[in-house]
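Only one structure is covered here, and it is reproduced in the block below.
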2 protein chains.
Amino acid sequence: MDKSAAGHPDNSFDALESRMRGSNQSGLRAHNKRAVLSLIRRNGRLAKAEIARRTGLSPQTASVIMRSLEAEELVLRDQPQRGRVGQPSIPMRLNPDGAFSLGLKIGRRSVDLVLMDFVGRIRGHERLAYPFPQVREVLDFVAEAEPKLRALLPARLAGRIMGLGVALPYELWSWADEIAAPRGAMEEWRDLDVPRVLAGVTDLSVNVANDATAACAAENVFGSGHSADFVYFFVGAFIGGGIVMNGDLVSGRLGNAGAVGSMPVPREEGGSAQLINFASLHLLEKMYGAEGGDVLALWRGDISWESFGPLRDRWLDRAAYGLAHAIAASCSLYDFESAVIDGRFPASVREDLVARTAAALEQINRQGLSPISVRPGSIGIDAREIGSASLPFFAHYLLDHQVFLTDAE
Amino acid sequence: MDKSAAGHPDNSFDALESRMRGSNQSGLRAHNKRAVLSLIRRNGRLAKAEIARRTGLSPQTASVIMRSLEAEELVLRDQPQRGRVGQPSIPMRLNPDGAFSLGLKIGRRSVDLVLMDFVGRIRGHERLAYPFPQVREVLDFVAEAEPKLRALLPARLAGRIMGLGVALPYELWSWADEIAAPRGAMEEWRDLDVPRVLAGVTDLSVNVANDATAACAAENVFGSGHSADFVYFFVGAFIGGGIVMNGDLVSGRLGNAGAVGSMPVPREEGGSAQLINFASLHLLEKMYGAEGGDVLALWRGDISWESFGPLRDRWLDRAAYGLAHAIAASCSLYDFESAVIDGRFPASVREDLVARTAAALEQINRQGLSPISVRPGSIGIDAREIGSASLPFFAHYLLDHQVFLTDAE
DNA sequence: AATAAATAAATCCATCTGAATTATATTTGT
DNA sequence: ACAAATATAATTCAGATGGATTTATTTATT
């Protein structure tokens, strides 16, 4: 039932008050289940007793919760661990087939739909490339690709697809010129209620996030770095980012957290420009085109990075300069432990960009700031697709400090 | 019992895992109590039935919780509200004498200790001015002032002082030169375990925060703006800030969130400088001194802002320019609803600075950012003291999404 | 008579505590 | 070297506890 239909004399509960909700036993159990699942995900495999110790729950409660998760086939029991005094522990791990999700990445040059299993493996991938995204085309693609991916699973498992996560650039329509889309062609995105429409097409619950925020989610769940507080940059056609605070992905009041592409960066010649003009493949494209290069080949991906020659260095230095400033600004707002850089480029370029950014950061006055380390992302080019598919898992199974409350229903 | 003494085979629970804790019924009740108290605080007075509706709890639960809060004397019943069909509702409000806290602000020119009641009124204030802070002097001041403030309360209420909140500039020692302290005189702060020492002096539980973060806390609890997502600036001798996301004060991994003074701001002539060089009273002091003004009179506060003449305008414009850039950078990281500016100056100056900052913000390219409004703070000069005193209330009574978990003990 | 607030009693649900069970490693005795 | 005794640890059962919900009742008002 919709809250607005409940007929309360005063249902103008604003954002501030909606947080101040109570909870009940079901909420408690749900929370504890999420805590257990998150813990297992991070550790790979854990025995009941170990879970009890780490969550602070009593062994009995841990036992009950684990048996219920086992009954739901979300976890599997592993080989008993012998070699130490006492009854051998039975480690439990996530069941890869326990739950599935779909991830949809709507990009400026292509749309991707992936099927992901409970341990983060991509089980299937469909893609459509285009010069610019059109609503009709994207919806048709989803309608066609979704059954194909669903068919990869036996009927018994297909029902376990928990939801559809969508990674969408913020205000997709507002950079129409930059990608040479016909004027007005992308306006239809502006008024589209993406979650509602996609829920209609797929009959799944839909979670939407900024595309770079989705990539950040992937780094947070599946990344190897294991930092609980980091700022994340994904260099794509444009550049976006995301933030993780205290282990939680922060998506923002309007879902526009980590809009780092718009961050003002000082220009050496005075004044400032947005980060997007320092670190983006769109910029590289422009620089390449200005030198007479074949821009289309760039998007097809049949240009090797080595062939850029000195342009590679110039772009990397400019990007590193911009990123370093954005990192310094980010740390001034929140004392992140690390800054993570990933993007649509080979690992070698990523490492190079990280090194140059770290060097550029040394040049910036950071008095009053806590130290920060610059790290490469561990997911790579597919981070946005993977991240989008992870969103339904957050919504259903993973711990996030916003979700303790009982549902409004 | 200390966790490290528990003798677990693996007690290296890192920051990420410490979040993944379970909870139990006591945690549930504690959470619901906090939700109820936070709701009453924000609304002034609420009847049990209204609380049930807004928290989502059953009327029975709301009733039980309210009676228990009443028994603890944390809330009082107000006049029954007649005039509508049905049994008149009995609004409940916070009992000003329900709980008290002490707030200690350690500044570069003075130290202040205040006694605050449960509705945020300052019941007593002690102060010591100095040229620069020394550990011994500050501790002696606290030891002397604390009993004085305690004596303001009847014995029955003095036991209700819940804790001591401390507002402390980040790395107090690291700007020794700027305030003309003898070299090395402030080094002793570096290794001081502030919470432990103050807990020893006062026999209270101690919560420490960055001074501007404390001011931000005051704006969040007692401010009239009622925004759930804002970035906050406090212009003092230096400049600091704080952030509130989804209604929660974010204090940062190391308590250094909102270190906006260190934010890089582009200079018109090229390159960048930290915000502290654009918007701080320290800068005003330097500018004033360079024109032959009496700097000491400035700190004593017997110079009126009107007497600065054109300097006032120059400083305000420079500060507004810097603040606008800091705001743009902040919004690029998180889509705040508003930016709040307060500081150690009269309300008229504050309004002027807000207006100029809003104007300066118009000059910055904000493509890709959600709109933000610039607002004056509603607390004023004492925000840091008030904020520090509010910290114990957060720790004990107010809702904060991090505290759902059972204590580790 | 209708409406709404407040609450008492009974019930439900999730966790906790304490005791019991099981399975292993280690020690001790022969 | 073998076997019994002991210590350790994981797991689970049963009962108690705490807290929220449901249902029904009382009270006060228009």
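Protein chains get the first letters and strands the later ones, always in sequence-line order, with residue 1 at the start of each.
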Mind calculating the distance between [atom1] ([X]) and [atom2] ([N]) to the nearest angstrom?
| X | N | atom1 | atom2 | value |
| --- | --- | --- | --- | --- |
| B/K33 | D/dG19 | NZ | P | 9 Å |
| B/Q60 | C/dA9 | CD | C1' | 9 Å |
| A/L28 | D/dT21 | CG | C1' | 15 Å |
| B/R77 | C/dA5 | CZ | C1' | 12 Å |
| A/K48 | D/dT12 | NZ | C1' | 10 Å |
| B/I65 | D/dG18 | CD1 | C1' | 13 Å |
| A/R29 | D/dG19 | CZ | C1' | 15 Å |
| B/Q81 | C/dA5 | CD | C1' | 13 Å |

Counting only side-chain N and O atoms of [X], is one of them less than 4.0 Å from OP1 or OP2 of [N]?
| X | N | result |
| --- | --- | --- |
| A/R67 | D/dC13 | yes |
| A/S63 | D/dT11 | no |
| B/N24 | D/dG18 | no |

Could you tell me the Watson-Crick or G-U partner of D/dT23, where both distances fall under 3.5 Å? Say none if there is no partner. C/dA8

[atom1]-[atom2] distance between [X] and [Y], expressed to the nearest 0.5 angstrom:
| X | Y | atom1 | atom2 | answer |
| --- | --- | --- | --- | --- |
| B/D248 | B/D229 | CG | CG | 9.5 Å |
| A/L74 | A/D97 | CG | CG | 11.5 Å |
| B/K48 | B/E70 | NZ | CD | 6.0 Å |
| B/T55 | B/L46 | OG1 | CG | 10.0 Å |

Kindly say whether A/N246 contributes a backbone atom to a donor-acceptor pair with the side chain of B/R19 at under 3.5 angstrom? yes

Give the residues of residues 86-94 of chain A touching DNA chain C, defined as any heavy atom closer than 4.0 Å, sorted by residue number.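 Residues of residues 86-94 of chain A that come under 4.0 Å of DNA chain C are, in numerical order, A/G86, A/Q87, A/P88.
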
Per [X] side chain, nearest of listed nucleotides [options]:
| X | options | answer |
| --- | --- | --- |
| B/R84 | D/dT12, C/dA5, C/dT15 | C/dA5 |
| A/S58 | D/dT22, C/dC16, D/dT12 | C/dC16 |
| A/R53 | C/dA8, C/dA6, D/dA10 | D/dA10 |
| B/A49 | C/dA5, D/dT12, D/dG19 | C/dA5 |

Nearest nucleotide by nearest heavy atom, which residue falls closer to the 5' end of DNA chain C, A/L57 or A/Q25?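 Comparing both residues, the 5'-ward one is A/Q25.
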
Only one of A/F100, A/F222, A/F393 clears ring-ring contact (aromatic ring centres under 6.0 Å, His included) with A/F118; which?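 When ring-ring contact (aromatic ring centres under 6.0 Å, His included) is applied between A/F118 and each of A/F100, A/F222, A/F393, only A/F393 qualifies.
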
So which one's nearest nucleotide on DNA chain D is more toward 5', A/V85 or A/V64?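 The answer here is A/V85.
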
For B/R67 and B/S63, which I'm curious about, is there any donor-acceptor pair between the side chains at under 3.5 Å?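 Side chains of B/R67 and B/S63: pair found under 3.5 Å.
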
A side-chain contact here means heavy atoms from C-beta on lying under 4.5 Å apart; do B/L249 and B/T213 qualify?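 B/L249 reaches B/T213 side chain to side chain.
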
